[in-house]
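Keep in mind the model is a prediction, meaning the values are calculated, not measured. Here is the naming used below: chain letters follow the sequence lines, and residue numbers restart at 1 for every chain.
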2 protein chains.
Amino acid sequence: MRIGELARRTGISERALRYYEEQQLLRPERRRSGYREYAEGDVRTVRNIRTLLAAGLSTYTIAEVLPCMTDDGDALVPACPELTTVLSQDRDRLTTAIDDLLAARDILDAIIAAGRSETAQPASDPALTAAPAG
Amino acid sequence: MRIGELARRTGISERALRYYEEQQLLRPERRRSGYREYAEGDVRTVRNIRTLLAAGLSTYTIAEVLPCMTDDGDALVPACPELTTVLSQDRDRLTTAIDDLLAARDILDAIIAAGRSETAQPASDPALTAAPAG
DNA sequence: GTAGACATTCACGTTGACGTGAGAGTCCAC
DNA sequence: GTGGACTCTCACGTCAACGTGAATGTCTAC
């Protein structure tokens, strides 16, 4: 099938599909005209790419792990044992990002809480404003 | 003080300090030579900016909320009540981002688990590894 | 009066997964 | 044979907080 049909069947833009090829996640055949010719299995491959993107992997990592994965129809299964190492590193990256955001939210919560207690109580020392005179 | 001293005293690069001015978070005076002249209070202002950046706020939002905050020496306190609304919206944004990353990690965990059960068991059980749709 | 530290304003580079035209060629039904 | 849908390859734009020169001007200690 050509790129338009694959785009319709997967819900992914043609631009994104060309980008996936550029990142070597897809390798469609070419007609003499230069048109891309996709195989039936590419529909599922695109879905798997989306799953891995949703899992927070970069296209670079996906290109690395995708050839070594099988798709039993229900779940994506890493076929090579060393893949688990790569995936675990990305899991750690995700955890770090999550922790950073949790810490950021804690800071924000403290500021919001300070504002609430401020409106409940009269101000203690409302001078010392280093804020720009907007 | 000039920009170099402020940079040393805050640990923030001169480039960043100029960027903060561009984003209207700082408004130093100017000497006749064009050199920026910072006030003592700007040291604390810069620290507050860093706190708000660490809280996940954009420079645009910080420019919005900074003039309406007081600094009691220990904590940053929103002085205007409507600020809490803005900050709560950013808190929601953070929560959404956190949830997205948690969902991503769940997907990754399912894939990793599928790999482990694949190497542990000779026969796969696809229904067992079915991830919740979403 | 001069070396050299310090400052200034541009302005492009970084990161990633695409969006969005521009200009041109290809395919197919009528 | 033609018109319109389809596809192609560039190639810049997006978002954000800066990094990193380049070319140039200012301040200050000696």
Which of B:D100, B:L102, B:D99 passes side chain to side chain contact (heavy atoms under 4.5 Å, CB included) with A:I98? It is B:L102
Closest approach to the side chain of A:R2, judged atom by atom: which nucleotide of D:dC6, C:dA7, C:dA17 is it?
D:dC6
Is it true that A:R27 and A:E21 make a salt bridge, defined as a side-chain N closer than 4.0 Å to a carboxylate O?
no
Please classify the nucleic acid contact of A:Y20 as base, sugar-phosphate, or nothing, using heavy-atom distances under 4.0 Å.
sugar-phosphate
Atom CD1 of B:I62 and atom P of D:dA16: how far apart are they, to the nearest Å?
12 Å
Between B:T59 and D:dA16, does any side-chain N or O lie under 4.0 Å from OP1 or OP2?
no
Whole angstroms only, please: what is the CZ-C1' distance between A:R93 and C:dG16?
12 Å
N/O donor-acceptor pair, side chain B:Y19 with base D:dG19, under 3.5 angstrom
no
Of A:S33 and A:E14, the one whose closest nucleotide on DNA chain C sits nearer the 5' end is A:E14
Euclidean distance, atom CD of residue A:E22 to atom P of C:dG16 [Å, nearest integer]
13 Å
Answer yes when B:R18 and B:E22 have at least one side-chain N-carboxylate O distance shorter than 4.0 Å, and no when they do not.
no
By the 4.0 Å heavy-atom rule, please label B:R32 as base, sugar-phosphate, or nothing.
nothing
Rounding to an integer number of Å, can you tell me how far B:E5 CD sits from D:dC27 C1'?
15 Å
Any Lys/Arg nitrogen of A:E14 or A:R2 sitting under 4.0 Å from an Asp/Glu carboxylate oxygen of the other?
no
Between D:dA16 (P) and B:I49 (CD1): distance, integer Å:
17 Å
Is any side-chain N or O of B:R15 under 3.5 Å from a base N or O of D:dT20, one able to act as donor and the other as acceptor?
yes
Value in whole Å for how far the C1' atom of D:dC6 lies from CZ of A:R36:
13 Å
Between D:dC6 and A:Y35, counting only base atoms on the nucleotide and side-chain atoms on the residue, is there a donor-acceptor pair under 3.5 Å?
yes
Roughly, in whole Å, what's the span from CZ in B:R18 to C1' in C:dT8?
7 Å
Identify whether any heavy atom of B:R30 sits under 4.0 Å from a base atom; if not, whether one sits that close to sugar-phosphate; answer base, sugar-phosphate or nothing.
sugar-phosphate
Gap between atoms CD and P, on A:E21 and D:dT7 respectively (whole Å)
14 Å
Any donor-acceptor pair under 3.5 Å linking the side-chain atoms of A:R105 with those of B:T95?
yes
